[in-house]
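Please read the structure below before turning to the comments.
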Amino acid sequence: MAKKTKSTGGSKTYSFFDDVFEVAKLIPKGRVTSYGAIAAYLGTKMSARMVGWAMNAAHGDKKVPAHRVVNRMGMLTGKHHFKTPTAMQKSLEKEKIKVINDKVVDFDKHFWDPAKELS
DNA sequence: GACATGACGATTT
DNA sequence: GAAATCGCCATGT
């Protein structure tokens, strides 16, 4: 995490947001993770809310697969923030991830824990 | 510069 | 067992 703190000259008060982006980008295809998992990986100081908020900021960064990040129950809570409400589900289905009722099927199987995978 | 709010989660009552 | 509350930091007004 935070390999290179862009804070330098970065007028944009970056911080852990950058880390969240990094982790999000590392999510393998066909896998999903939760806000809390990322938060736990970055540190207890991080709360799931911040991760979600970070994703909001990630809106401008196409490289950030926000569609692979869902809440603890595997629900696509942030789909409303996408260009279209169905873009998120569509993207997941494209990766063989079934989504029913805005919820990821077999979330446990598709769950990707950065703390373990990136350990 | 202070107040309110936001893609959540865990703990406590 | 369910509902209510706190925590956490950044952003926009």
Side-chain angles (χ1 to χ4, degrees):
Chain A
M1 35 150 90
K3 312 167 192 159
K4 121 169 52 169
T5 310
K6 313 187 187 177
S7 342
T8 317
S11 322
K12 294 211 174 213
T13 323
Y14 279 116
S15 62
F16 66 94
F17 268 50
D18 206 15
D19 293 345
V20 176
F21 299 149
E22 291 274 324
V23 176
K25 288 177 187 172
L26 292 174
I27 301 175
K29 295 188 173 178
R31 289 283 171 86
V32 291
T33 189
S34 66
Y35 303 97
I38 297 174
Y41 173 66
L42 295 177
T44 51
K45 296 178 181 4
M46 164 70 79
S47 58
R49 261 192 188 149
M50 303 300 94
V51 179
W53 198 240
M55 285 295 146
N56 188 20
H59 224 266
D61 197 330
K62 296 177 184 178
K63 290 177 170 56
V64 180
H67 61 274
R68 291 189 200 140
V69 185
V70 295
N71 70 356
R72 179 116 167 74
M73 298 196 296
M75 234 189 292
L76 279 59
T77 51
K79 71 176 199 172
H80 284 287
H81 292 264
F82 281 75
K83 204 166 185 179
T84 59
T86 53
M88 190 172 187
Q89 178 171 339
K90 210 169 181 183
S91 298
L92 289 173
E93 288 179 340
K94 224 173 210 175
E95 299 183 0
K96 312 299 189 234
I97 299 177
K98 292 174 186 171
V99 179
I100 298 176
N101 198 14
D102 297 344
K103 196 178 91 203
V104 176
V105 180
D106 294 330
F107 180 64
D108 298 350
K109 291 182 183 178
H110 295 301
F111 184 71
W112 179 79
D113 189 349
K116 292 182 179 180
E117 301 293 338
L118 296 179
S119 64

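Proteins get letters first, then strands, A, B, ... in listed order; numbering begins at 1 in each.
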Using the ring-ring contact (aromatic ring centres under 6.0 Å, His included) criterion, which residues pair with F111(A)? Sequence neighbours excluded.
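ring-ring contact (aromatic ring centres under 6.0 Å, His included) list for F111(A), sorted by chain: F107(A).
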
H59(A) side chain to H81(A) backbone, donor-acceptor under 3.5 Å:
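Yes.
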
Do side-chain atoms of D113(A) reach the backbone of A115(A) as a donor and acceptor pair under 3.5 angstrom?
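Indeed, once roles are kept as given, a pair shorter than 3.5 Å links the two residues.
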
Rounding to a whole Å, what distance do you find between [X]:[atom1] and [N]:[atom2]?
X      : N       : atom1 : atom2 : value
D18(A) : dA10(C) : CG    : C1'   : 14 Å
F21(A) : dA10(C) : CZ    : C1'   : 11 Å
F17(A) : dC8(C)  : CZ    : P     : 16 Å
M46(A) : dC9(C)  : CE    : P     : 9 Å

Can you check each nucleotide of nucleotides 7-13 of chain B against protein heavy atoms at under 4.0 Å and return B for base, S for sugar-phosphate only, - for none, in 5' to 3' order?
BBSS---

Sole candidate of K103(A), Q89(A), H67(A) that passes side chain to side chain contact (heavy atoms under 4.5 Å, CB included) when paired with L76(A):
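Testing each of K103(A), Q89(A), H67(A) against L76(A), the sole residue satisfying side chain to side chain contact (heavy atoms under 4.5 Å, CB included) is Q89(A).
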
Rounded to the nearest 0.5 Å, what separates atom CE in M50(A) from atom CG in L42(A)?
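So the gap between those two atoms works out to 12.5 Å.
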
Can you measure from NZ (K90(A)) to OG1 (T84(A)) and round to the nearest 0.5 angstrom?
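Nearest 0.5 Å value for the NZ-OG1 distance: 7.5 Å.
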
Using atom C1' in both nucleotides, what's the gap between dA3(C) and dA7(B) to the nearest angstrom?
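Here dA3(C) and dA7(B) have their C1' atoms 23 Å from each other.
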
